[in-house]
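Let me begin by presenting the structure, written as structure tokens, before commenting on it.
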Amino acid sequence: MIPVQLVTGFLGAGKTTYMNRLLAATDEKICLIVNELGAINIDEQLIVKMDQEQIELSNGCICCSIQNDLSKTFYQLAAKQETFNRVIIETTGVADPAPIIQTIYYDEYLRQHFKMNAILTVVDASQMDRELFKEGIHQIAYADLILLNKTDLVSSDELDQARRRIEQLNPTVRIVETIQTEGDYELLENTFQLSRVDEQKLSQLTETSESVSSLRAITLSAERPLSRERVTRYVREVLMHYEDAMYRMKAIVRLQDEECKFVIQATNQLMGATFANEMHEGDRSVFVWIGKELDQDALARGLKACEVEQDEAYSS
Ligand SMILES: Nc1nc2c(ncn2[C@@H]2O[C@H](COP(=O)(O)OP(=O)(O)OP(=O)(O)O)[C@@H](O)[C@H]2O)c(=O)[nH]1
């Protein structure tokens, strides 16, 4: 399966700067899909240029008016998949990541060929008030990795504040501070490719509930070991209940009778789980839910119900 990565970020945050650096720094064969809003001209060809490396989708935003064209483009790429190591989609600054992710996940054929791997969001540190508004807030909430860019334009206090504001909204996201999106590319690439939960960061979180605009990030923890069956059901039920209003969830779980941590991730309705590193004495389960109008008490009750009671543990 070909990994697909999404590069989002508000207008002028530094997406193109990042893409240029990335393309210059790698030998990989990358198919880049660029979505430019440009001047809207419905008579113009939607796909204005297609060769092995770059496809431009214009005439609208791929997250809304031309989502269908994105899907068609993936069908075309699937036909010649062996030519690419990965696909990167650079969105318009106003794109909402959800419909773009869904283009792949909700299409059975595309799901067999492509795997949404990670979402990188470039954030302009000097424009945090603007970033935390509408699409900017969604892009931060969905991100696996954030380049906190334009740090040359802010004081160290403003930078700390920007980090805090991002973490309120997405407590587990990995943040890399950059000027002209320049950073440790090996680190960026590894994070970007693996799309894995930052276990250490996740396990150190304390229970909180933060609201930023209409979004809420809730962190819950459980000391007792959890039942795998109940946890899986709990996560599925929550995702089904909130549908598109649940943006992201990440959890690191201490399961009953398992030596390794169980890691669960979801984006909208789509959930994946895997075993990770060994558990240590005193490790707890930590869940982070990010979405709209979340009911903290109900989420906490659901988690509590996954705990294995002491008498159950002895009898098993
Ligand atoms: N001062 C400063 N300027 C930067 C930095 N990173 C990028 N820029 C400048 O910001 C402007 C916008 O950068 P782009 O990479 O085009 O941003 P973008 O997100 O692709 O912009 P859109 O395509 O309009 O959404 C350019 O003039 C960059 O040179 C930075 O760290 N500091």
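None of these values were measured; they are calculated from a predicted model. In what follows, residues are counted from 1 in the order of the sequence shown. Ligands are counted one by one from 1 in listed order, and the atoms in each one are counted from 1 as well.
- For the residue pair Y75/D107, the side-chain donor-acceptor check at 3.5 Å is satisfied.
- Close contacts of ligand 1 with F10, meaning ligand atoms under 4.0 Å from a residue heavy atom, involve 19 (O).
- Listed by number with element, the atoms of ligand 1 under 4.0 Å from a non-hydrogen atom of I179 are 31 (O).
- Contact annotation: G9 has no heavy atom less than 4.0 Å from any atom of ligand 1.
- Residue Q265 holds its CD atom at 9.0 Å from CE of M249, rounded to the nearest 0.5 Å.
- Of the candidates T17, T151, V7, the one placing a heavy atom closest to atom 14 (P) of ligand 1 is T17.
- With hydrogens and angles ignored, the 3.5 Å screen pairs a side-chain donor or acceptor of Y234 with a backbone N or O of L299.
- By the 4.5 Å heavy-atom criterion applied to side chains, Q256 and S227 are not counted as neighbours.
- Below 3.5 Å of separation, one finds an N or O of K15 facing an N or O of ligand 1.
- No salt bridge links R164 with E167; every basic N to acidic carboxylate O contact stays at or beyond 4.0 Å.
- When each atom of ligand 1 is checked for a heavy atom of L153 under 4.0 Å away, the hits are 1 (N).
- Listed by atom number, the atoms of ligand 1 under 4.0 Å from D152 heavy atoms are 1 (N), 2 (C), 30 (C), 31 (O), 32 (N).
- Evaluated for a side-chain contact (heavy atoms from CB on, under 4.5 Å) with P171, the options L205, V286, I218 yield exactly one hit, L205.
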